[in-house]
Amino acid sequence: MDDRSHGDGHRPGGGPGDAALLLLADSRLPAGGHAHSGGAEEAVRLGTITDAGDLARFLRGRLATAGLVTAALAAAACELARTGHHPGREEDLATLWRQLDAEADARTASPAQREAGRTQGRLLLRTARRMWPSPALDTLGVAVPEGAHHPVVLGAAAAAAGCVPYQAALAAAYTAVTGPATAAVRLLGLDPVTVHRLLADLAPALNDAAHAACASLIDSVVTDDADPLAVDPCGDDRRRPPGGIGPDGDDATSSPEPGSAPGAGPCRGAGWPALPGHAAPALDLLAEGHLKNAMKLFVS
Amino acid sequence: MIARALLRTSAAPAGGTRLETMRSDPPLTLRQTGPGRVHLVATGAGPLGGDRLALGVDVAPGTSLEIRSVGATLVLPGHVPGESSMTVHARVGAGATLRFLPEPTVLAAGCSHRMTVRLSLAPDATVVWREEIVFGRHGERPGRCHTRFDATVFDTTGAGRPLLRQDLVVGDGHTDGSPAVYGDARCVGSTLVAGPEWRTQPDGKDERRAETGDGWAALPLAGPGVLSSALAADAVELRRRLERAEDAALRLAVAW
């Protein structure tokens, strides 16, 4: 892929990815996104969303939590797909895809949300492989046969379509709020223009979330000067895992280099553990409650 | 103020747990209150803005440790601007058990606090780790707090798999009252219960089902653990809901 028009690949700007980004974020993309309300249906049922004001607060909170996390995962996936594929190293790449998918798992405590995320991921992968055939999407499908999480697939699809990590993050943040917004229009009979006004008001926050997601990818892991085990007088190595069974894979020290030359293997994925994991306890409760509602219109 | 306290166990020759190291560093003061049980006693106000407190916990293979605190922690702003921080790094060895059950952290108005927990678990370690946050004293708007929780389970080859990574941000006017985040709640709590009894079935691709109740849920994680989560209007209701969620988490343990 041609990097020249994108600078470091993390800033917005004209490029071949722009049109692809529109396709990827379009609600008409035949990948099943319209079937998910992202907790909005259950919130409407419970009466915590009754009008446009509630919906605005719901969307802002969703963007600051699940939206930021999916944006960061999508950016990481896009970066991996853009820089990770080298002939003969599919095995390494499959391991990395599984690792990134495990990072998504660890940030999704609710089993209902994991299931919804994997379902959406499977559908998107099927669509994206036909729209933008690429080795990275093939490898991802093989690496995570049960279906990778939606933001991971979204990032890989974005890369296949020619997008940079920033654009992948923006698409993820955008779909994190537009799905619930349109669902609320249908569930509450809200004025669609009023709801789109809410989305327009969120536009700066969407940009901020995508920037924050990319920044989290570049930032090296903050070294903790107060690590209490590091000052252990017994002189233990702080990286020793429990029981002394090997190197601590969790303890990342080097930052990934987005857009760096191929072959930067060893630090690949080193920054993933530090990606944002902003939780939304109410969304977790909504997702699990929704699963038990026999009358539901939306899958999530 | 900078304080670094350390707690480590070792296996007693006759079996059981010995407290190998119990190094207090005021205001983090440790007191043994029973066999394998230690209370954190705050010997000073705060944390206050600018304070950096750290606790290291190392639970040796085959031993068991319970950590509690004598009272709630009240996080206050300092005389000088600046964040306060509390960092806990804990390692739990093979076959060891750690129960971390402190009283709630209360965020006073104007505070700016950072809590970081890093938990490393051997493959067959067991942990119960509770965190409760109260958004301000009665009728008070809370200051800001950002918590980050990372739990990793290591397999026998030493490879780590993340079990739970979670940030909570409290005190952001845009998101606190969001029906997606905390809604009307004034307290948030979670308890991670993890260990071999909560591992997923090797052949089971299907997600295990959560248990839920009014304001609480027991959420089976993708890895060997369950996150009990609760929201409530006050600390008493929070504890009641969280304990229900913890009971549900214990029921989700599998018999092998």
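Residue numbers begin at 1 in each chain, while the letters A, B, ... track the order of the sequences.
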| query | Roughly how far apart are B:Gln166 CD and A:Thr108 OG1, rounded to 0.5 Å? | reply | 10.0 Å

| said: Quick check on A:Thr48 against chain B: is it the side chain, the backbone, both or neither that has a heavy atom closer than 4.5 Å? | reply: both

| task | Flag yes if more than 12 heavy atoms outside A:Asn293 fall under 6.0 Å of its CG atom; otherwise flag no. | result | yes

| request: Mind checking the CZ-CZ spacing from B:Arg208 to A:Arg114? Nearest 0.5 Å is all I need. | output: 7.5 Å

| task | Sort A:Ala109 into side chain, backbone, both or neither according to what part of it lies under 4.5 angstrom from a heavy atom of chain B. | result | both

| said: Do A:Arg62 and B:Ser178 make a side-chain contact, defined as non-hydrogen atoms from C-beta onward lying under 4.5 Å apart? | reply: no

| query | Considering only heavy atoms from C-beta outward, does the side chain of B:Pro179 approach that of A:Arg57 to under 4.5 Å? | reply | yes

| message | So for A:Leu283, is it side chain, backbone, both, or neither that comes closer than 4.5 Å to the heavy atoms of chain B? | response | both

| task | Could you check which of B:Arg148, B:His174, B:Glu211 has the highest count of heavy-atom pairs closer than 4.5 Å to chain A? | result | B:Arg148

| Distance from A:Leu285 atom CG to B:Leu219 atom CG, nearest 0.5 Å? | 7.5 Å

| said: For B:Asp214, is the CG atom crowded, meaning more than 12 foreign heavy atoms sit under 6.0 Å from it? | reply: no

| said: If I compare all heavy atoms of A:Pro281 with all of B:Val188, which pair ends up nearest, and what's the gap? | reply: CG-CG2, 3.8 Å

| said: Side chains of B:Val181 and A:Thr65, heavy atoms from C-beta outward: is any pair under 4.5 Å? | reply: yes

| said: Restricting to non-hydrogen atoms, name the atom on A:Leu291 and the atom on B:Arg209 that form the minimum distance, rounded to 0.1 Å. | reply: CD2-NH1, 3.6 Å

| So, for B:Thr175 and A:Gly61, which heavy atoms are closest and what is the spacing to 0.1 Å? | CG2-CA, 3.9 Å

| A:His290 NE2 to B:Thr212 OG1 distance, which is reported to the nearest 0.5 Å | 13.0 Å

| task | Drop me the distance from B:Leu164's CG to A:Asp105's CG, to the nearest 0.5 angstrom. | result | 11.0 Å

| remark: Looking only at B:Ala210, B:Gly223, B:Gly95, B:Ala230, most heavy-atom pairs under 4.5 Å shared with chain A are made by B:Ala210

| task | Identify the heavy atoms of A:Ala280 and B:Ala180 that sit nearest to each other, and give their distance. | result | CB-O, 3.2 Å

| request: May I ask you to test the A:Glu103-B:Pro162 pair for a side-chain heavy-atom distance under 4.5 Å? | output: yes

